[in-house]
Amino acid sequence: MKELVNYILQFGNLNQQQINLILSKAQEREIRKEAYFSEAGKVSVEVGFILEGILRVCYYNNKGEEITKYFIDENNLVVDLESFDNNICSSAYVQAVTDCKMIVFSKKDWQELLDTIIGWDTIVHKIISKALMQKVARRSPLVSEDATTRYLSFMEMFPNVINRVPLSYLASYLGITQSSLSRIRKNIR
């Protein structure tokens with residue numbers, strides 16, 4: 001649980017009593033590869049912190065094709081924020097790409113932390129802001145760069161993810177076919 005505490009303390013200061021309260025609400029959970037943390041069509045009711053493993057956020061387009069929006073790896077929070085905050089059905093799936101170990105908070109416990117810990121809402125806001133900026137930074141190059149450059153950028157930005165995700169997910173994220181990705185990888189070696 002020290003990973004979670006260290007992560008949170010990057011965004012603000014908490015005393016030991018506040019940290020103990022947070023840890024008292026935290027539950028460890030394992031999610032098997034290909035299982036879902038949250039699903040489209042359901043309301044997201046948990047916030048997770050990834051200790052080990054990789055999750056992906058994906059959806060199905062109007063042609064029924066599965067599209068990977070992004071990957072979330074160790075030492076990051078994961079939540080479908082719009083669904084969680086607004087009690088509405090999610091439009092995306094959050095799926096384990098690998099076996100994952102996580103720390104999970106129920107919606108009730110998360111709300112209790114917001115109501116009890118002075119400054120917790122500010123810390124959460126900073127975490128969300130950082131995540132949104134990272135999301136934009138990850139997606140922006142995908143719009144303007146050619147496929148090889150996108151792949152090389154992904155390798156540079158996510159060296160600990162590249163060899164741990166199936167090629168089909170990576171190709172979907174990069175917006176190319178799996179055969180194109182295989183060709184790119186072959187030409188780079």
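Placement of Y93 and V43 in two distinct hydrophobic clusters is found when ILVMFWY residues are connected by side-chain heavy-atom separations under 4.5 Å, directly or transitively. Note on V57: it clusters hydrophobically with M157, by side-chain heavy-atom contacts below 4.5 Å among ILVMFWY residues. Linking Ile, Leu, Val, Met, Phe, Trp and Tyr residues whenever their side-chain heavy atoms come within less than 4.5 Å leaves L51 and I31 in two separate clusters. Residues F105 and M102 do not share a hydrophobic cluster, defined by chaining ILVMFWY side chains whose heavy atoms lie under 4.5 Å apart. Cluster annotation: I54 is connected to I162 through the hydrophobic network of ILVMFWY side chains, with a link wherever side-chain heavy atoms come within less than 4.5 Å.
Judged by a 6.0 Å distance limit and a 45° cone about the ring axis, K107 is positioned over the six-membered ring of F84.
Heavy atoms from other residues, nucleotides or ligands lying under 6.0 Å from CG of N86 number more than 12. Heavy atoms of other residues, nucleotides or ligands lying less than 6.0 angstrom from CD of Q111 number more than 12.
Under the 4.5 Å side-chain criterion, counting only non-hydrogen atoms from C-beta, P166 is in contact with V97. Inter-residue side-chain proximity for W120 and I8 is flagged as met; some heavy-atom pair is nearer than 4.5 Å. Looking at heavy atoms from C-beta onward, N15 lies out of side-chain contact with I19 at the 4.5 angstrom threshold. Looking at L170 and V161, their side chains never come closer than 4.5 Å, going by heavy atoms from C-beta outward. Within the 4.5 Å cutoff, the side chain of I184 has heavy atoms near those of the I176 side chain.
A salt bridge links D99 to R32: at least one charged side-chain nitrogen sits closer than 4.0 Å to a carboxylate oxygen.
Counting all heavy atoms, side chain and backbone alike, L14 lies closest to Q18 at CA-OE1, 3.2 Å. Residues S83 and C89 share a closest heavy-atom pair of OG-C, 4.1 Å. The two residues Y151 and L181 make their nearest non-hydrogen contact at CD1-CD1, 3.5 Å. Scanning both residues, G53 and I50, for their nearest heavy atoms gives O-CG2, 3.4 Å. Scanning both residues, N13 and I123, for their nearest heavy atoms gives O-CD1, 4.4 Å. Nearest approach of V94 to L55, heavy atoms of both residues: CG1-CD1, 4.0 Å.
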Q: Step by step, work out the side-chain hydrogen bond (donor to acceptor under 3.5 Å, both in side chains) result for N6 and Q10.
A: CA-CA 7 Å; N6 291 339; Q10 294 176 61; over 6 Å; no
Q: Determine, stepwise, if the pair V124 / W110 fulfils side-chain contact (heavy atoms from CB on, under 4.5 Å).
A: CA-CA 10 Å; V124 170; W110 192 258; 3.7 Å; yes
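Neither side chain, D80 nor S38, offers a donor N or O lying under 3.5 Å from an acceptor on the other. In this structure, a donor-acceptor pair under 3.5 Å is absent between the side chains of R150 and S153. Neither side chain, S179 nor S182, offers a donor N or O lying under 3.5 Å from an acceptor on the other.
For residues 41-61, the pairs satisfying side chain to side chain donor-acceptor pair (under 3.5 Å) are R29-E46, E39-K42, R56-E66, R56-T68, R56-Q95, Y60-E66, N61-E65, with sequence neighbours left out.
Y7 and F49 have tilted rings, their planes meeting at an angle from 30° to 60° on a 0 to 90° scale.
Side-chain atoms of N187 do not come within 3.5 Å of backbone N or O of R185 as any donor-acceptor pair. S24 places a side-chain N or O within donor-acceptor distance of the main-chain N or O of L21, the cut-off being under 3.5 Å.
Rounding to the nearest 0.5 angstrom, the gap separating the CG atom in L174 from the OH atom in Y169 is 15.0 Å. Atom CD1 of I22 is separated from atom CG of L113 by 6.0 Å, given to the nearest 0.5 angstrom. The CG atom of L152 sits 9.0 Å away from the CD atom of E145 when rounded to the nearest 0.5 Å. Note that the OG1 atom of T116 and the CD atom of Q17 stand 10.5 Å from one another [nearest 0.5 Å]. Expressed to the nearest 0.5 Å, how far CG of N160 lies from CG of N75 amounts to 9.5 Å.
Through side-chain heavy atoms spaced under 4.5 Å, either directly or across other Ile, Leu, Val, Met, Phe, Trp or Tyr residues, I118 is tied to no other residue.
Between F71 and Y173, the distance from one ring center to the other falls under 6.0 angstrom.
Under the side-chain contact (heavy atoms from CB on, under 4.5 Å) test applied with I103, the options K25, M1, E3, Q27 reduce to a single match, M1.
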